[in-house]
Protein chains: 2
Amino acid sequence: MSRHKKQISIRDVAKHAGVGLGTVSRAINNKGSISPKTKAKVLKSIRELGYTPNLVAQSMRSHKYKNIAFFVDLKNPTFSRIAIGICKRLEHEGYTLSLSHIGKENIVPSMESFLSGRRFDGIILAPHRDDDETLNRYLNSLEMPIVTLEHEIAGFSSGVEIDYYSSIKEAMAYLFSIGHKKIALMVGAPQVRSNKSIINAFMDAYAEHELPLNSELIMKGNIDDTYHQQTFNHVIHMIRHQEITAVLCMHNQILQLLLEAMKADQLWFPDDVSLIAMEDYELTQLLNPSVTVIKRSLTEIGEKVADILITAINQPELDPLPPHVIPTQFIIRDSCRPI
Amino acid sequence: MSRHKKQISIRDVAKHAGVGLGTVSRAINNKGSISPKTKAKVLKSIRELGYTPNLVAQSMRSHKYKNIAFFVDLKNPTFSRIAIGICKRLEHEGYTLSLSHIGKENIVPSMESFLSGRRFDGIILAPHRDDDETLNRYLNSLEMPIVTLEHEIAGFSSGVEIDYYSSIKEAMAYLFSIGHKKIALMVGAPQVRSNKSIINAFMDAYAEHELPLNSELIMKGNIDDTYHQQTFNHVIHMIRHQEITAVLCMHNQILQLLLEAMKADQLWFPDDVSLIAMEDYELTQLLNPSVTVIKRSLTEIGEKVADILITAINQPELDPLPPHVIPTQFIIRDSCRPI
DNA sequence: GTGAAAGCGCTAACAT
DNA sequence: ATGTTAGCGCTTTCAC
């Protein structure tokens, strides 16, 4: 209510219930000692008057803001899905989510100006990389619970860890079973725990099938550092010369670039190469043919991240917390064909 | 800063500069009368102390919150793009955007619980329909500047109006020029101003080319009301029997359903039917072949919506404001073929 | 267990 | 033009 409609205040409730200010506060917050009888009386008055505590005033006095800052690049459709989960969980706990769109550059200044003067209880951050020293120093200077998404930054909880291991093993077994022997992997930064499990599973699968694994087949790294045009040219080249017959593309932005490169070169799946992607969204479902994927629940990720942050806020001694482990699922569709 | 690091307050600044509290406040807010000299002195102290006004305290006293509530269904990728524009503009103006994910049902209770106790200066709402009487009554009861997206609700500014007219005419001229004579239109609710311009342009194009327009070729309405499975079955039927040779699909969710239906029926573009879609995003670009589209700038929409809301907040006498008009652009790609 | 009083950091109203 | 005072609505401390 922005325009000055005179709101009912804690004073009105106190008067109506015939008690002191402090007693009403105690009744609202279940804090301090209060007899069940007076508490019931106060609660009744609150109901009758339709009183809602003013969060701004509460924040000012208590230094608790019920407000989380979310720094994210909304261009990435993954994050808007995760945001849904975060929203749900936070609202349920009475927190507000304040959104700030960040790009790849100048993250610290933009965070600084966003946080300046405002009060938050914690931060959820989806950084583009984990080796931005300026950013890492800045985060440490904030002395606030911070949970990261996607990339892990030393000293802070990464809210979740995606357990890709078994799904990758499944996917590889599937590809081997339909005759593939030369499979390439495209994945993000290998420092990321979840990506480690992808790479391990990939290598283990090769080892278990006693197939030789050329290190060239594993492409890994931060998207901006590793995935240049020439990377994709090289992949296209390998596809053309049948040095690979399948690609496991475990990053949705890399997938987009790969598809663009293939399209530019008139290659298509599954005829020219079999494809398994990560993430199940409109694109993988509506492409023709639809794409076989390894799926994780984005809403669940969002919820767990919010959980971790709330715990870190309420029990700072536990911070940083270990990540929640999120399972994945292998879904076969039409983007792979037998050799 | 959540943990109690003792912040510099306006008191410290006043002491440091050797002036009264009020004077510092005046210097910060450029309000009331203050001599340039003392103002400079205060500003210098502020810089030296690294003081930032506490927004929570400012809000509490001034009843201005610098905070906007955004109610939106984040599942729709359009809105996350628009959110980027809103974010940018609001941050620039010193406002925070608080996110609330809403579904199709129970919007009022979820808005109520979100707003309860919190303070916002205004609301941006992307409702799923315009004829939800409960919602409309509720909005009116809020007495707060509200701007809507996509659907227009009586009494409130719809932030923007998309000018599809000329682009649709262009698209139709293009289709006619490559021999199409039976073109279907799929569009959202005809109450929406932007959709009216689509329908008008479509009908005008037919009239100008002196071609008969069967009313069956125009499918319009709210996605939940009009676009049932049988609607798509009917479209598929018309395509199969060459009762139509092209579809103008002006709604991205309808497009998804259409593509699913076509895929299920083994129809594909442009071989079986030519296709022109709305919105330029990953899907339309990465589909093979890529889709000819009518494009609007989503970031611009977001920015304009934020603009309108801020104006409505600062100059309530102007509310509701007329919508900004956003131009569109026709981009030819590979989803149409000559007849 | 409960009421009264102090004060969070600021702006607005009132003095001068 | 500027210093002082009174709260905004609440939680917290301190009496009792």
Side-chain angles (χ1 to χ4, degrees), chain A residues 1-43 45-46 49-67 94 116-119 121, chain B residues 1-43 45-46 49-67 94 116-119 121:
Chain A
M1 324 294 141
S2 146
R3 334 270 221 228
H4 276 222
K5 236 203 284 175
K6 176 76 183 161
Q7 283 289 121
I8 294 122
S9 84
I10 199 170
R11 277 209 139 66
D12 304 316
V13 179
K15 204 171 291 170
H16 185 275
V19 298
L21 278 183
T23 308
V24 180
S25 175
R26 268 162 243 153
I28 294 168
N29 301 297
N30 299 311
K31 225 175 171 183
S33 36
I34 183 168
S35 80
K37 222 195 299 178
T38 41
K39 185 171 169 180
K41 189 167 61 175
V42 172
L43 258 29
S45 290
I46 288 177
L49 294 173
Y51 165 72
T52 331
N54 181 332
L55 237 136
V56 178
Q58 287 185 314
S59 296
M60 167 137 165
R61 191 64 243 261
S62 67
H63 296 281
K64 294 174 174 216
Y65 305 98
K66 292 283 185 181
N67 201 181
S116 147
R118 303 208 173 91
R119 297 291 183 273
D121 306 297
Chain B
M1 326 296 137
S2 145
R3 334 271 220 228
H4 274 223
K5 236 203 284 178
K6 176 74 183 160
Q7 283 288 121
I8 294 122
S9 85
I10 199 169
R11 279 207 138 68
D12 304 316
V13 179
K15 204 171 292 172
H16 184 275
V19 297
L21 277 183
T23 309
V24 180
S25 175
R26 267 161 241 153
I28 295 168
N29 301 297
N30 301 311
K31 227 177 173 184
S33 38
I34 183 168
S35 81
K37 223 196 296 179
T38 43
K39 183 170 170 182
K41 190 168 58 177
V42 171
L43 259 29
S45 289
I46 288 177
L49 295 174
Y51 165 73
T52 331
N54 181 331
L55 237 136
V56 178
Q58 286 184 316
S59 296
M60 165 136 166
R61 191 64 245 258
S62 66
H63 296 279
K64 294 176 172 209
Y65 305 98
K66 292 284 185 179
N67 201 180
S116 148
R118 302 209 174 92
R119 298 293 125 103
D121 307 296

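Order of the sequence lines fixes the chain letters, A, B, ..., with proteins taken first and strands second; residue numbering starts at 1 for each chain. Only a predicted model underlies this, so the values are computations on that prediction, with no experimental measurement involved.
Across the protein-nucleic acid pair, B/Arg11 atom CZ and D/dT5 atom C1' stand 11 Å apart, rounded to whole Å. For the pair B/Tyr65 OH and C/dT11 P, the computed distance is 14 Å after rounding to whole Å. With rounding to whole Å, A/Arg118 atom CZ is found 19 Å from C/dG9 atom P. Atom CZ of B/Arg61 and atom P of C/dG9 are 16 Å apart (whole Å). Between A/Lys66 atom NZ and D/dC10 atom C1' the separation is 15 Å, expressed in whole Å. If you take CG of A/Asn30 and C1' of D/dT11, they are 14 Å apart, rounded to a whole angstrom. B/Ile10 has its CD1 atom 14 Å from the C1' atom of D/dT4, to the nearest Å. In this structure, A/His63 atom NE2 and D/dT11 atom P are separated by 13 Å, rounded to whole Å.
An OP1 or OP2 oxygen of D/dT11 is reached within less than 4.0 angstrom by a side-chain nitrogen or oxygen of A/Asn29. Contact annotation: A/Ser33 reaches the phosphate of C/dG1 (side-chain N/O to OP1 or OP2, under 4.0 Å). The side chain of A/Thr23 places an N or O atom within less than 4.0 Å of a non-bridging phosphate oxygen (OP1 or OP2) of C/dG3. For D/dA1, the OP1/OP2 oxygens have no side-chain nitrogen or oxygen of B/Thr38 closer than 4.0 Å. Contact annotation: B/Gln58 side-chain N/O to C/dT11 OP1/OP2 distance is under 4.0 Å.
Residues B/Lys39 and B/Val42 form no side-chain contact, since every pair of their non-hydrogen atoms from C-beta on lies 4.5 Å or further apart.
Below the 3.5 angstrom threshold, one finds no donor paired with an acceptor across the side chain of A/Arg119 and the base of C/dG9.
Considering all non-hydrogen atoms of both residues, B/Ser9 and B/Tyr51 come closest at C-CE1, 3.7 Å. B/Leu49 approaches B/Ile8 most closely through the heavy-atom pair O-CD1, 3.2 Å. Contact detail for B/Ser45 and B/His16: the closest heavy-atom pair is OG-ND1, 2.8 Å. In terms of heavy atoms, B/Pro53 sits closest to B/Ile28 at CG-CG2, 4.1 Å. Of all heavy-atom pairs between B/Gln58 and B/Asn29, the closest is NE2-OD1, 4.1 Å.
For A/Lys31, the side-chain atoms get nearest to D/dT12 when compared with the rest of C/dG9, D/dT12, D/dT2. Nearest to the side-chain atoms of A/Ile34 among the listed nucleotides C/dA12, C/dT2, D/dC10 stands C/dT2.
Of the two residues near DNA chain D, B/Leu21 and B/Ala57, the one whose nearest nucleotide lies more 5' is B/Leu21. Sequence order on DNA chain C of the closest nucleotides to B/Leu55 and B/Arg26 puts B/Leu55 first from the 5' end. Summary of the strand contacts: B/Met60 and B/Gly20 both lie near DNA chain D, and taking for each the nucleotide with the nearest heavy atom, the more 5' one is attributed to B/Gly20.
Using a 4.0 Å heavy-atom cutoff across all strands shown, A/Val19 reaches sugar-phosphate atoms only and no base atom. At a threshold of 4.0 angstrom between heavy atoms, the contacts of A/Ser25 include nucleobase atoms, whether or not backbone atoms are also involved. Within the 4.0 angstrom heavy-atom criterion, only backbone atoms of the sugar-phosphate kind lie near A/Ser35; the bases stay farther away.
The bend of the helix from C/dG1-D/dC16 to C/dT16-D/dA1, defined by the angle between the axes of its first five and last five pairs, stands at 40° to the nearest 10°.
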Quiz item: Would B/Gln7 and B/Asn54 count as a side chain to side chain contact (heavy atoms under 4.5 Å, CB included) if you check the C-alpha gap in whole Å, the side-chain angles of each, and the deciding distance to 0.1 Å?
Solution: CA-CA 9 Å; B/Gln7 283 288 121; B/Asn54 181 331; over 6 Å; no
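We find the CG-CE distance between A/Leu55 and A/Met60 to be 14.0 Å, quoted to the nearest 0.5 Å.
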